[in-house]
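Predicted model only: the values in this text are computed from it and were never measured. Every number for a ligand or one of its atoms is a count from 1 in the order of the listing.
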Amino acid sequence: MNNNKIINEIKKLKEKKNAIILAHNYQIPEIQQIADIVGDSLKLSQEAAKAKEEIIILSGVHFMAESAKILAPDKKILLPVKDAGCPMAEMVEVEQLKAFKKNNPNIPIVCYVNTSAEVKAECDICCTSSNAVNIIKNIPSDKILFVPDQNLGQYIAKQVPEKQIILWEGYCIVHHRVKATETKMIRECYPEAKFLIHPECQPEIQDEADFIGSTSQIINYANSSQADTFVIGTEIGVLHMLQEQNPDKRFFSLSPGLICANMKKTTLEDIRNALVNEENEITLSKELRVKAHDALKRMLELS
Ligand code: CIZ
Ligand code: SF4
């Protein structure tokens, strides 16, 4: 079936079922084009919280759909592809966190939004890559455990030297695999380019950056920059929005490895099927939802 036909079906179904489509910046371009909102996980959770529609199609990975459910408990939240998960989110076990808390009752725990609802429920506050530094600065404790991304954790530690950040050993399998040799090679090809790098990349890659930020911050930086060539050190999906919003500027991916297989699982057909079948609904127990909500609510209050 051609894309136009599916797109028309999606539009009709969306209206008929009173649904909204929220898509992450890493989704395939076709999905970004039909989505009502495209953004990072912070923006998607804020939009979920204020959505008027009865059904929210969260085109992204599992933890994002869970965040939407936590913030919009009365809505039907559908994740179009059931096994679209985030390997980094799976690098924290709730039992490990509980053990840490038992041994360190006075150390606050900050979790990256890329975590399960169970993990959020055990943490004091949540953050995304766009607000992590601010949130950590504002926590009245000079020792903080940050889970799960060690690279984002090291970035925060550099920005907030007055605090001791205890790191977890998690990482994003996509950003973590970028090599310094790739950075060097692409620098030789485009010596004039600005390097915009995500803090999930390793510190030696971050050291090459002209700017370090979340996907939305990278897009904002490129939109307002006078430069015309950029090397983008985050998942390739972001290049779609960058090129759309800046047709006269040139964007290159830092590495061919910057493709998240999980983020690429969802197709237009999956979105259409989610609207037709209303399957893969996210459900959470009330107890879990309420506990995880505290961590997310504190983040939104500080953002
Ligand atoms: O917070 C998000 O949406 C992620 C996972 C990446 C980013 O920097 O936007
Ligand atoms: Fe998880 Fe990395 Fe994929 Fe984002 S890009 S969903 S952090 S594996």
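At under 3.5 Å, not a single nitrogen or oxygen of N114, backbone or side chain, sits near a nitrogen or oxygen of ligand 1. The shortest N or O to N or O distance between H198 and ligand 1 is below 3.5 Å.
Per-residue contacts place M88 under 4.0 angstrom from the following atoms of ligand 2 (heavy atoms of the residue considered): 7 (S). Taking every heavy atom of E200 and a limit of under 4.0 angstrom, the matching atoms of ligand 2 come to 7 (S). Atoms of ligand 1 found under 4.0 Å from any heavy atom of S129, numbered from 1 in the order shown, are 7 (C), 8 (O). Atoms of ligand 1 found under 4.0 Å from any heavy atom of Y26, numbered from 1 in the order shown, are 6 (C). Within the listing of ligand 1, atoms 8 (O) sit less than 4.0 angstrom from a heavy atom of S214.
Looking from atom 2 (Fe) of ligand 2 to the surrounding protein, the closest heavy atom is C172 SG, 2.3 Å. Among protein heavy atoms, atom 9 (O) of ligand 1 sits closest to T215 OG1, 2.5 Å. Residue, atom and distance of the protein heavy atom nearest to atom 8 (S) of ligand 2 are P87 CD, 3.6 Å. The closest protein non-hydrogen atom to atom 3 (Fe) of ligand 2 is C260 SG, 2.4 Å. Protein heavy atom at the shortest distance from atom 4 (C) of ligand 1 is H24 NE2, 3.6 Å. In this structure, atom 4 (Fe) of ligand 2 lies nearest to the protein heavy atom Y26 CE1, 3.9 Å. Atom 1 (Fe) of ligand 2 has its closest protein heavy atom at C86 SG, 2.4 Å. Protein heavy atom closest to atom 7 (S) of ligand 2, with residue, atom name and distance, is N114 ND2, 3.1 Å.
T215 and D40 form no side-chain donor-acceptor contact under 3.5 Å, judged by distance and modelled atom types alone. Side-chain contact check for T128 and S130: at least one donor-acceptor pair (N or O, by modelled atom type) lies under 3.5 Å.
Ring pair Y190/F252 is parallel by interplanar angle, where below 30° counts as parallel and above 60° as perpendicular. Ring geometry for H175 versus Y26: interplanar angle of 30 to 60°, hence tilted.
Across all non-hydrogen atoms, the minimal contact from I271 to P80 is CD1-CG, 4.0 Å.
When each of E9, E54, E278 is tested with K17 by the rule salt bridge (Lys or Arg N to Asp or Glu O under 4.0 Å), just one qualifies, namely E278. Exactly one of K14, K52, K11, K43 qualifies for a salt bridge (Lys or Arg N to Asp or Glu O under 4.0 Å) with D36. That residue is K14.
Contact annotation: for S41 versus ligand 1, heavy atoms closer than 4.0 Å belong to both the backbone and the side chain. Counting heavy atoms under 4.0 Å from ligand 2, residue N262 does not touch it at all.
For the pair S255/K179, no side-chain contact is recorded, criterion being any heavy-atom separation below 4.5 Å from C-beta on. Contact of the K184 side chain with the E208 side chain is not registered, since no non-hydrogen atoms from C-beta on lie closer than 4.5 Å. In this structure the side chain of P108 never reaches within 4.5 angstrom of the side chain of I125, judged on heavy atoms.
Note: the hydrophobic cluster containing I28 does not contain L258 (ILVMFWY, side chain heavy atoms under 4.5 Å, direct or indirect links).
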